[in-house]
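Everything on this sheet refers to the single structure shown next.
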Number of protein chains: 2
Amino acid sequence: MKRMATISDVADAAGVSRQTVSNVLNTPTIVRPDTRQRVEEVIARLAYRPHASARRLRTRKSSTIGIRLDPMTDGISGSVLDRFLHALTEQAAERGLRILIFTAAGPEDEIVQFKRLIDGADVDAFVLTSTFHGDPRTEWLIENGHSFVTFGRPWGIDDMSDENHLWVDVDGSAGLRAATEHALAAGARRVGYIGWPVGSGTGDDRRRGWQSALVASGVTDVALLESLQVAANDTVVEGGAAMLRLREQVPGLDAVVCASDSLALGAMMNNPHALPVTGYDNTPVAAALGLSSVEQCLGDVAAGVLELLMAESAAGAAAGSGAGAGSGGAAGESSGGAAGERSGDAAGEVAGDGVMGPQADDPRHRLVIPRLVVREMVVPGWSPE
Amino acid sequence: MKRMATISDVADAAGVSRQTVSNVLNTPTIVRPDTRQRVEEVIARLAYRPHASARRLRTRKSSTIGIRLDPMTDGISGSVLDRFLHALTEQAAERGLRILIFTAAGPEDEIVQFKRLIDGADVDAFVLTSTFHGDPRTEWLIENGHSFVTFGRPWGIDDMSDENHLWVDVDGSAGLRAATEHALAAGARRVGYIGWPVGSGTGDDRRRGWQSALVASGVTDVALLESLQVAANDTVVEGGAAMLRLREQVPGLDAVVCASDSLALGAMMNNPHALPVTGYDNTPVAAALGLSSVEQCLGDVAAGVLELLMAESAAGAAAGSGAGAGSGGAAGESSGGAAGERSGDAAGEVAGDGVMGPQADDPRHRLVIPRLVVREMVVPGWSPE
DNA sequence: CGGGGCAATTTGATCGATCAAATTTGCTGT
DNA sequence: ACAGCAAATTTGATCGATCAAATTGCCCCG
């Protein structure tokens with residue numbers, strides 16, 4: 001392992017000064033083309049790479065984003081955050097950013113970790129997941145003026161439009177509307193809903209999606225709407241129990257849509273007539289059982305998160321220069337969200353095209369439209385009674 | 001966000017020199033106790049934190065470990081690596097290390113990423129997972145003299161004892177032996193095995209565990225042993241098919257142990273007589289279905305990985321100084337593996353205590369003994385025919 | 001022919017820490 | 001009282017990059 005080449009080595013070898021090499025790397029436009037080419041050749045020949053720590057020391061930027069690795073959310077859907085992390089890492093690399101992960105025992109401890117990482121100049125922004133209303137973490141970050149983006153809306157009435165709070169989220173309502181409409185289009189009339197207890201922003205949002213589709217199809221009887229939905233905590237066992245209740249209280253049940261794959265798996269276990277069941281999150285479990293499921297397009301979410309972050313830091317840097325701040329991230333040529341896609345899924349048909357919602361032009365948040373992955377339920381040995 | 005305090009600020013405020021402050025932080029023993037205390041008070045008062053990048057520039061160490069985020073291994077057991085990552089991050093923090101994640105399109109691309117991260121001084125060691133025989137990644141790392149530890153043995157005959165290749169692994173053989181012995185102790189006589197096709201080091205190792213337990217219990221008939229095992233790729237569907245075959249070819253089947261929770265889930269779907277089924281990895285799915293499963297003790301694995309890494313770097317640094325290299329990591333007071341434990345699991349009984357295997361004293365690799373988590377199968381609505 | 005205007009390049013200082021060597025302090029023994 | 005010596009502390013240099021300001025080179029016009 002021989003000594004790394006430094007910027008001075010390159011400068012000497014190319015017969016220019018350090019700063020010119022630096023310019024070739026950071027501000028290529030101000031270097032004369034022939035000089036630039038000469039320097040670039042030397043860089044390639046010596047396999048020179050700037051020393052990240054030295055650069056960070058000088059620029060006071062780490063080009064690193066911190067994200068907490070959530071404690072295992074026991075459910076099956078825990079893997080959603082892992083997939084998001086994967087998409088985020090992949091797209092961050094394309095933009096020259098690094099992802100540093102950390103753990104914390106709880107929200108308060110997470111703030112301690114924030115301090116540690118910021119003070120040490122380890123990271124210059126955070127991505128938060130699983131935020132909740134009145135979350136102390138976002139409050140602290142805003143108060144202390146640190147960059148962050150959350151995956152998930154702040155459900156508080158006032159937070160939602162807080163201009164200091166950047167967020168990206170998936171439009172769960174649209175996802176469940178699509179799932180419900182698909183069931184209706186397939187001929188179902190009574191489409192039941194197994195969701196989470198009232199009170200969680202995410203859960204209520206999803207329920208609204210199901211409900212709006214039913215209402216739009218002509219189901220306006222409030223009592224009927226009420227009986228078509230049951231609430232359960234997000235476990236397989238509760239999902240199973242919920243399915244029993246639903247079948248009992250709705251005689252002509254045609255199909256069921258669920259707020260999660262965990263609930264859907266539970267429902268499938270008490271599904272002797274093989275009613276179509278739709279889950280949410282498109283986890284491996286749904287794929288294994290042949291359940292239709294709402295796919296969150298985490299690649300798009302990750303892209304949105306990074307764009308918001310880069311736009312913010314660019315805006316902060318340009319506060320004073322007259323250059324247009326609208327150009328945002330320069331390295332975005334590979335967008336389109338194809339990166340994080342799970343390809344080759346056999347049961348291809350898709351409804352909803354995964355584009356950004358109407359808020360796409362709002363510089364402070366982004367709502368990603370999920371898409372429905374339709375599958376045939378083919379469960380070996382799962383025969384009706 | 002006011003300006004960060006630097007080491008000089010602390011020095012001035014405490015009436016000492018920069019270097020003394022540095023010593024308080026890095027070599028407290030050589031500072032006179034009263035001076036040290038005075039400096040420490042100022043550090044606390046100013047909330048001083050060393051600037052990580054500056055330190056890294058000078059010391060040429062990043063105190064950061066790189067690990068590739070594997071592409072989603074579609075199966076249910078994919079979460080094992082996520083849990084490992086979580087445990088690793090947690091324990092790394094306790095030792096003052098950071099974890100940087102990255103992605104790669106394949107082994108060759110991963111090597112490109114290695115280069116990128118090392119040249120930029122972003123990381124000074126790697127943790128590899130899912131290694132295989134003749135893995136180009138480990139070859140490259142060894143050739144170029146970079147530190148790394150693999151989670152998983154190099155199954156090649158010669159690699160295994162390669163002194164440049166540090167590894168930590170879980171003793172899958174012991175895990176399946178424990179699972180099988182537990183079934184035998186519960187009165188089962190014909191314990192079948194659903195495993196992966198011959199050829200994978202890990203899979204063959206697990207099969208040996210099951211077989212050795214059966215042989216020890218007196219099953220020596222080769223033909224019988226042969227008929228008691230079936231092979232399947234690691235999917236739920238194949239697991240289900242394998243269960244059907246096994247039931248067909250073994251009349252008095254009493255119990256089944258599997259090489260993974262995916263296979264076990266498949267088996268459960270074709271298990272009308274509710275035979276006891278045991279999985280491997282103790283995933284949320286196993287917990288949800290009430291399957292017994294072999295828990296890999298990833299906290300211990302993570303601890304082992306970090307200890308090997310730190311021991312190596314300490315040894316590298318001490319190559320020349322007479323100080324005892326045996327002390328290893330100084331910050332290990334919180335060991336015992338309690339960190340990564342999933343607490344509050346209802347069905348507590350445990351066999352095998354998770355201690356290190358006989359290789360515990362070998363400085364180059366470590367074999368962690370897994371433990372069997374025993375559960376009652378209580379699957380709602382899953383009634384025998 | 002001199003110099004204004006502008007682009008391209010170079011120079012010196014700096015980021016915040018640690019290393020290596022020099023210096024001061026404190027203690028011991030005779 | 002002081003040499004001798006170790007412990008404690010300080011000083012100057014350095015890691016590899018970028019920033020800000022100074023310099024050089026070039027073209028064109030009066």
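Below, read A as the first sequence line, B as the second, and so on, with proteins coming before strands; counting in each chain starts at 1.
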Closest listed nucleotide, where the reference is the side chain of [X] and the choices are [options]:
X       : options                : value
B/Gln19 : C/dA20, D/dT14, C/dT11 : C/dA20
B/Asn23 : C/dT9, C/dA17, D/dT10  : D/dT10
B/Leu57 : D/dC15, D/dC19, D/dT10 : D/dC15
A/Thr6  : C/dA17, C/dT18, D/dA17 : D/dA17

Does B/Glu307 form a salt bridge (Lys or Arg N to Asp or Glu O under 4.0 Å) with B/Arg366? I'd like the steps, not just the answer. CA-CA 10 Å; B/Glu307 277 164 27; B/Arg366 205 154 290 194; 2.4 Å; yes
Donor-acceptor pair under 3.5 Å, A/Arg18 side chain vs C/dG12 base: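 Indeed there is one.
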Is there side-chain contact between B/Glu40 and B/Val24, with at least one heavy-atom pair below 4.5 Å?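 The answer is yes; the side chains approach within 4.5 Å.
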Considering only heavy atoms from C-beta outward, does the side chain of B/Pro50 approach that of B/Leu25 to under 4.5 Å?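 In contact.
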Spell out, as yes or no, whether a donor-acceptor pair under 3.5 Å connects the side chain of B/Asn164 to the backbone of B/Ile142. no
Please confirm whether the shortest side-chain N or O distance from [X] to OP1 or OP2 of [N] is below 4.0 Å.
X       : N      : result
A/Thr20 : C/dT10 : yes
B/Arg55 : C/dT18 : yes
B/Ser22 : C/dT18 : yes

Taking NZ, NE, NH1 and NH2 as the nitrogens, is one of them in A/Asp122 or B/Arg56 under 4.0 Å from a carboxylate oxygen of the other?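 Looking at A/Asp122 and B/Arg56, the cut-off is met.
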What is the distance, to the nearest angstrom, from the [atom1] atom on [X] to the [atom2] atom on [N]?
X       : N      : atom1 : atom2 : value
A/Asp9  : D/dA17 : CG    : C1'   : 13 Å
B/Ile7  : C/dC15 : CD1   : C1'   : 14 Å
B/Arg32 : D/dT9  : CZ    : C1'   : 9 Å
B/Asp12 : D/dT9  : CG    : P     : 16 Å
A/Arg58 : C/dG12 : CZ    : P     : 16 Å
A/Lys61 : C/dC15 : NZ    : P     : 17 Å
A/Ile30 : D/dA20 : CD1   : P     : 13 Å
A/Asp34 : D/dG25 : CG    : P     : 16 Å

Parallel, tilted or perpendicular: which one describes the rings of B/Trp167 and B/His365, with boundaries at 30° and 60°?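 B/Trp167 vs B/His365 ring planes: parallel.
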For residues B/Arg137 and B/Ser130, report the shortest heavy-atom separation together with the two atoms involved.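 For B/Arg137 versus B/Ser130, the nearest heavy atoms are NH2-O, 3.2 Å.
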Within residues 35-52 of chain A, find the residues that approach DNA chain D with a heavy atom at under 4.0 Å, and present them sorted by residue number.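 Under 4.0 Å from DNA chain D: A/Tyr48, A/Arg49, A/Pro50, A/His51.
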